[in-house]
Amino acid sequence: MRILVLGGDGYCGWATALYLSARNHSVGIVDNLVRREWDSELEVETLTPIRPLSERVAAWHKAAGRSVDVFIGDVTNYDFLCSTLKAWQPDAVVHFAEQRSAPYSMIDLEHAVFTQVNNVVGTLNLLFALHEVCPYCHLVKLGTMGEYGTPNIDIEEGYITIEHNGRRDLLPYPKQPGSFYHLSKVHDSHNIAFTCKTWGMRATDLNQGIVYGTVTDEVALDEALINRFDYDQVFGTVLNRFCAQAAVGYPLTVYGEGGQTRGFLDIRDTVRCIELACTHPAAPGEFRVFNQFTEQFSVLDLARMVQSEGEKLGLKVSIDHLPDPRVEAERHYYNAKHSRLSDLGLQPHLLSDALLDSLMNIAVRYRDRINPAHFQPRVNWRQPRPHVAQRPSRRANALAESLRRVVRDGENGEPISMPSAPTLNRPDAFTDTGRSVLSESDRAESSPHEPAAVKGFPRD
Ligand code: NAD
Ligand code: USQ
């Protein structure tokens with residue numbers, strides 16, 4: 001299959017792109033590299049030293065003899081998206097390209113607005129572009145288990161049968177998201193469902209749980225292929241953070257009582273789930289929802305597991321209960337269904353087997369790179385930061401540097417020179433294959449905090 005991975009430079013996207021490529025699918029990556037810029041804005045770094053995208057793709061070609069096409073650009077740029085889809089003609093588009101941190105979306109007004117515009121406009125653009133350019137293409141969209149919240153009844157896979165006043169219907173499962181980020185995913189789901197019904201689009205919404213681990217067979221082939229592993233208070237997810245904390249003897253930061261229960265999965269299962277969704281597409285007009293996780297744990301369960309595994313490695317691990325910076329139930333009923341991907345053939349990797357290899361050992365290996373100052377939570381759901389009218393543009397030197405490098409076009413082996421960073425919203429800055437060819441002034445103008453317009457609605 002021809003599979004275009006939007007957000008292919010990110011944590012789930014990079015591992016997925018390589019997994020699909022290794023299984024003989026033709027893979028293209030679309031990314032505007034803004035995630036690297038958010039690291040720079042927050043002054044944090046992934047635990048693992050990830051390479052620039054151009055180097056990663058070249059290393060993959062060297063290690064596996066497989067090529068991956070790269071399109072640098074922003075999914076909130078409608079013309080870029082259309083020209084990329086036209087040039088590449090995918091059978092499936094996997095959409096990871098969103099701002100995915102709940103704390104980032106809760107920092108202040110600017111970050112909330114940015115998150116929702118980036119995510120909702122990007123997905124809307126994609127729906128319109130698919131409808132215009134390749135209406136039979138299957139959209140595989142990353143949603144989140146957090147769309148459902150923590151209701152006091154079982155969570156179904158997308159839909160629930162309700163009886164009311166003697167009548168009965170199968171209806172979308174109620175949503176109770178817990179952050180402006182999670183809300184953006186709910187808005188996306190509604191927009192996708194609407195276009196399936198109205199235009200006959202085919203889509204799978206993967207309500208993914210919290211992903212852990214960093215090692216897949218493909219990224220393990222070469223150090224230059226290493227995936228990111230975030231442990232900071234904004235982008236680090238709970239289990240990855242606990243492992244990094246254990247590695248340097250920092251008390252595990254359980255928020256509140258620690259009874260918060262969530263669905264989790266190994267990144268090796270994320271990539272397999274994506275392949276299963278792509279190779280078993282939704283029918284035209286179908287809005288299909290899969291709950292994508294393999295096991296559920298409470299935060300305190302995880303802390304205790306990390307403590308006991310840490311001890312096997314000779315680490316002294318203590319557990320701290322911090323006041324919960326979020327507004328969420330700290331103890332609750334949780335039973336979420338997740339059989340549809342198993343029915344398609346998913347064989348889960350269980351946490352008990354992965355904890356030492358994929359998590360603790362990696363954390364210990366790179367522990368010299370850990371800055372404990374990034375562990376303490378600083379974003380408070382109840383007290384957003386006051387509005388900052390003007391913030392300086394923070395373009396990362398590393399980003400600019402990586403973009404000056406050569407990205408290799410895998411199909412014909414010709415290198416494409418990119419003299420500067422891409423503009424995020426100027427259609428004329430892209431060639432008809434969607435690759436960026438931009439000037440220094442474009443670079444100075446563009447900012448990740450200036451999301452572009454959806455088609456027909458100018459930004460200014
Ligand atoms: P990530 O931040 O590591 O990767 C996202 C990638 O998308 C980045 O490379 C970023 O540069 C790119 N991107 C963001 N906005 C873009 C835009 N407008 N145009 C082009 N590229 C853009 O995130 P991740 O952890 O890989 O998550 C991927 C997806 O999976 C997200 O949609 C997230 O909501 C979902 N998800 C993640 C987890 C998890 O635990 N990581 C769990 C459930 C769902
Ligand atoms: N938590 C702690 N201590 C920490 C960090 C988190 O107790 O140091 C708690 C949080 O309060 C929360 C739970 O752990 O109750 C999960 O938090 P998280 O940061 O690991 O995950 P979350 O914010 O929910 O977001 C992550 C991804 C997001 C994805 C979501 C899936 O960043 O992209 O959508 O997991 S889900 O949780 O199913 O919604």
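Bear in mind the structure is a predicted one, so any value in this text is a computation, not a measurement. Numbering of residues begins at 1 and proceeds along the displayed sequence. Remember, it's 1-based here, ligands and their atoms both numbered in the order they're listed.
- Only the side chain of Lys185 comes within 4.0 Å of ligand 1, judged by heavy-atom distances.
- Heavy-atom contacts of Gly146 reach the following atoms of ligand 2: 36 (S), 38 (O), 39 (O) (cutoff under 4.0 Å).
- Listed by number with element, the atoms of ligand 2 under 4.0 Å from a non-hydrogen atom of Ala102 are 23 (O).
- For Val299, every heavy-atom contact with ligand 2 shorter than 4.0 Å involves the side chain, none the backbone.
- At a threshold of 4.0 Å, the pair Glu110-Arg385 does not count as salt-bridged, since none of the basic side-chain nitrogens sits closer than that to a carboxylate oxygen.
- At least one heavy atom of Gly209 sits under 4.0 Å from some atom of ligand 2.
- For atom 22 (P) of ligand 2, the closest heavy atom belonging to the protein is Arg326 NH1, 3.8 Å.
- Counting heavy atoms from C-beta on, the side chains of Lys175 and Ser189 come closer than 4.5 Å.
- Within the 4.0 Å heavy-atom criterion, the part of Asn118 lying near ligand 1 is the side chain and not the backbone.
- Listed by atom number, the atoms of ligand 2 under 4.0 Å from Thr144 heavy atoms are 29 (C), 30 (C), 31 (C), 34 (O), 36 (S), 38 (O), 39 (O).
- Only the side chain of Gln260 comes within contact range of ligand 2, with a heavy atom under 4.0 Å; no backbone atom does.
- The stretch residues 333-342 participates, sequence neighbours left out, in these salt bridge (charged side-chain N to carboxylate O under 4.0 Å, His left out) pairs: Glu156-Lys337.
- Taking 4.0 Å as the cut-off, Gly143 counts as a neighbour of ligand 1 on heavy-atom distance.
- Residue Arg241 approaches ligand 2 through these ligand atoms, each under 4.0 Å from one of its heavy atoms: 4 (C), 5 (C), 8 (O).
- Between Phe235 and Trp38, the ring-plane angle classifies as parallel under the 30° and 60° cut-offs.
- Note on ligand 1: Tyr181 sits in its first shell, one or more heavy atoms being nearer than 4.0 Å.
- Counting heavy atoms closer than 4.0 Å to ligand 1, residue Val30 contributes nothing at all.
- Taking a 4.0 Å cut-off on heavy atoms, Glu147 fails to register as neighbouring ligand 2.
- In summary, the atoms of ligand 2 found under 4.0 Å from a heavy atom of His182, numbered by their order in the structure, are 24 (O), 39 (O).
- Atom CZ of Phe194 has 12 or fewer neighbouring heavy atoms from other residues, nucleotides or ligands inside a 6.0 Å radius.
- Shown in contact with Arg262 at under 4.0 Å from a heavy atom are these atoms of ligand 2, numbered in order with element: 15 (O), 37 (O).
- Below 30°, between 30° and 60°, or above 60°: for Phe114 and Tyr104 the angle between ring planes is above 60°, a perpendicular geometry.
- At a 4.0 Å cut-off, not a single heavy atom of Gly8 sits close enough to ligand 1 to count as contact.
- Here is the list of ligand 2 atoms found below 4.0 Å of a heavy atom in Gln208: 31 (C), 38 (O).
- Residue-ligand proximity, Tyr181 to ligand 2, at heavy-atom distances under 4.0 Å covers atoms 28 (C), 29 (C), 33 (O), 34 (O).
- In this view, Ser101 satisfies the side-chain hydrogen bond (donor to acceptor under 3.5 Å, both in side chains) rule with no residue, not counting sequence neighbours.
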